[in-house]
Structure formats: structure tokens, C-alpha cells
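Input: a single structure, listed below in C-alpha cells.
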Amino acid sequence: MDNARFGDLIGQGCRALGVTVGEDVPGRLHRLMGELLKWNAKVNLTAITAEEEVVEKHFLDSLAVLPEVEGAGSVLDVGAGAGFPGLPLKMARPSLAVTVVDAVGKKVGYVKAVVAVAGLGLTGTKAVHTRAEGKPEAEGLPRADRVIARAFMDLPDWLDLAPAYLAEGGHVVAMLGKALSEDELKAQAEKRGLKLVSARAYRLPFSGAERQVAAFAK
């Protein structure tokens, strides 16, 4: 896919999702897709390899949660795999201090390699190879303003784990598939001494796949 076609898809997708990114972001995302697919040919990073699907299901799905990270200074992306949503969020909001963590060494190795690629705009992003078990100091993980995961584990398990990594006043963000009712989200939060801050359902712009993002606070 050439750069112009890629840029058109990112632009269409962002407009449909109601998010904005700088003019330089699509070009850098296009380069990131090239790195992802090149590495994926040798190391299994993602089952999604069709370029249009990478655009929608990795990049646009990551950028869809920009409203939930606006105003934050730091993001911890747990179970990030090949760096989603952390890397696209960093590209779109360069001031964010982003840490991505995964238990699979080859995926963390890939993320470290692309962070070092000049011109991608990922300088300062940290990638940590560990299993997040709720002990940030022992694991070498920071506490963050937004602790986020995309389909990493079921919501109850995520709400049990994630608050251990929150900075004061921060939010746990859950990227979900099919939407849960607000009552269910509130009930899951209250069981853990949390409160539901926001819940938003949306669809991916090309496939129409259902998504939901919910934010919680202590």
C-alpha cells in the first residue's frame, strides 16, 4: 500500500472516530506498518497481516482511545503485544511518556527495535519484558496516569490487576469488544472499590466491528 492510500485510510478512519492527529502522523504510521510486517515475516507478532486490516484493527483501533488519554502525562500499556495501543498513541501525542509491557520476549524485542528507528517519533518509549502481576516496583514498571489494555484479559481480572499501577488521580482504561451495559460496568467497578468514569461504544470505521472503551478511577 502506497503512502497516499495509507494516509487516506488513516484520515477517513480518524474522521469517523472523531479523533485528530498531526499531519506527520500517517507517514510515520505507514513506516511502522512496514516494520511490523517485515518483522512478522520472521517472528510471529500478529495474526493480522493484510494491510487494510492492520490500518483498521491495529492503528485506528489504538487511535480510537485518544479521548481517554487526553490530558494524561503517562501511559502504561499492559499486554501490549506488538505495541498496541501504546505506539500509535505515542506517535499521535508525542508528549506522552509511554511504557509498553509484555510477557513475550520476542514482542518486546520488536518494540525496542522500532523505538530505536529514527524518524518514527517513538524516542523515549520504554518496553519492558515482564509479566504484570500487580507489583510495579518489583517488576520495574512505573505508575502511570492511564493504565490501559486492549483485550488483554477479561474485565473483572483487569480491574483486579490494573489499579496497582495507577498514579494519583489516574484512570484504568479497558478496551473491550462488544459493549457491556453501564450497570454491569458500574457493578464490576464497585466490587473493587472503583468508580466508572466514562464508557463509550464505537465501531471500527471500515468493518463496523463493535468496540467499547471504559475508564475507571479509584
Side-chain angles (χ1 to χ4, degrees), residues 10 13-14 17-26 28-29 32 58-102 108 111-112 114-115 120-128 130 132 134-137 139-153 155 158-176 182 185-186 188-189 192-202 211-218:
I10 292 291
C14 285
L17 292 166
V19 300
T20 58
V21 299
E23 290 182 1
D24 61 326
V25 172
R28 290 189 282 119
L29 285 170
L32 180 62
H58 283 327
F59 294 160
L60 290 172
D61 195 28
S62 296
L63 296 173
V65 299
L66 277 168
E68 281 68 33
V69 304
E70 297 292 11
S74 56
V75 170
L76 176 65
D77 178 5
V78 181
F84 303 111
L87 298 186
L89 291 175
K90 173 67 174 177
M91 286 182 163
R93 300 293 183 265
S95 64
L96 279 176
V98 173
T99 302
V100 301
V101 56
D102 202 272
V108 175
V111 172
K112 286 182 175 179
V114 295
V115 164
L120 284 185
L122 295 171
T123 304
T125 305
K126 283 181 60 181
V128 181
T130 191
K135 301 170 184 175
E137 286 78 18
E139 296 156 358
L141 296 175
R143 296 173 190 268
D145 297 329
R146 300 291 183 271
V147 181
I148 193 165
R150 185 177 75 142
F152 173 53
M153 54 176 56
L155 180 64
W158 178 234
L159 294 182
D160 285 336
L161 174 69
Y165 300 93
L166 278 181
E168 186 71 28
H171 293 169
V172 170
V173 180
M175 298 175 69
L176 307 168
E182 193 164 309
L185 293 169
K186 284 181 177 177
Q188 292 292 348
R192 295 158 179 87
L194 303 172
K195 62 181 180 181
L196 178 66
V197 175
S198 63
R200 182 169 60 88
Y202 60 96
R211 295 287 190 270
Q212 184 183 41
V213 58
F216 304 85
K218 286 184 178 178

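None of the values given here were measured: they were computed from a predicted structure. One is the number of the first residue; the rest follow in order along the sequence.
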ask   = side-chain contact (heavy atoms from CB on, under 4.5 Å) between His171 and Asp145: does it pass, once the steps are laid out?
value = CA-CA 6 Å; His171 293 169; Asp145 297 329; over 6 Å; no

ask   = Does the side chain of Leu66 reach to within under 4.5 Å of the side chain of Leu89, using non-hydrogen atoms?
value =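 In contact.
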
task = Under the side-chain contact (heavy atoms from CB on, under 4.5 Å) rule, what do Glu182 and Leu196 come out as? Steps first, then yes or no, please.
result = CA-CA 9 Å; Glu182 193 164 309; Leu196 178 66; 3.7 Å; yes

key: Over 12 non-hydrogen atoms of neighbours within 6.0 angstrom of CD in Glu168   =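 Not more than 12 within 6.0 Å, no.
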
query = Is the number of heavy atoms from other residues, nucleotides or ligands within 6.0 Å of NZ (Lys135) greater than 12?
reply =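 No - once you tally the heavy atoms of other residues, nucleotides and ligands closer than 6.0 Å, there are 12 at most.
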
key: Stepwise side-chain contact (heavy atoms from CB on, under 4.5 Å) test for Thr20 and Cys14   = CA-CA 6 Å; Thr20 58; Cys14 285; over 6 Å; no

Could you tell me whether the side chain of [X] and the main chain of [Y] form a donor-acceptor pair under 3.5 Å?
{"X": "Tyr165", "Y": "Gly134", "answer": "yes"}
{"X": "Arg28", "Y": "Met91", "answer": "yes"}
{"X": "Arg143", "Y": "Ala164", "answer": "yes"}

To the nearest 0.5 Å, what is the distance between [atom1] on [X] and [atom2] on [Y]?
{"X": "Leu76", "Y": "Lys126", "atom1": "CG", "atom2": "NZ", "result": "9.5 Å"}
{"X": "Leu87", "Y": "Asp77", "atom1": "CG", "atom2": "CG", "result": "8.0 Å"}
{"X": "Lys90", "Y": "Leu32", "atom1": "NZ", "atom2": "CG", "result": "14.0 Å"}
{"X": "Arg150", "Y": "Leu176", "atom1": "CZ", "atom2": "CG", "result": "12.5 Å"}
{"X": "Lys186", "Y": "Gln188", "atom1": "NZ", "atom2": "CD", "result": "14.0 Å"}

ask   = So, Glu70 and Arg93, do they make that salt bridge, N to O below 4.0 Å?
value =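 Looking at Glu70 and Arg93, the cut-off is met.
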
So, for [X] and [Y], which heavy atoms are closest and what is the spacing to 0.1 Å?
{"X": "Leu60", "Y": "Ile10", "result": "CD2-O, 3.9 Å"}
{"X": "Ala80", "Y": "Val100", "result": "CB-CB, 3.7 Å"}
{"X": "Leu96", "Y": "Ala72", "result": "CD2-O, 3.3 Å"}
{"X": "Arg192", "Y": "Leu159", "result": "CD-CB, 3.4 Å"}
{"X": "Gly79", "Y": "Asp102", "result": "C-OD2, 3.4 Å"}
{"X": "Ile148", "Y": "Trp158", "result": "C-CZ2, 3.6 Å"}

ask   = Would Met175 and Asp61 count as a side-chain contact (heavy atoms from CB on, under 4.5 Å) if you check the C-alpha gap in whole Å, the side-chain angles of each, and the deciding distance to 0.1 Å?
value = CA-CA 9 Å; Met175 298 175 69; Asp61 195 28; 4.3 Å; yes

query = So among Val173, Val197, Leu185, Val147, which one has a side chain to side chain contact (heavy atoms under 4.5 Å, CB included) with Phe216?
reply =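 The residue from Val173, Val197, Leu185, Val147 that satisfies side chain to side chain contact (heavy atoms under 4.5 Å, CB included) with Phe216 turns out to be Leu185.
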
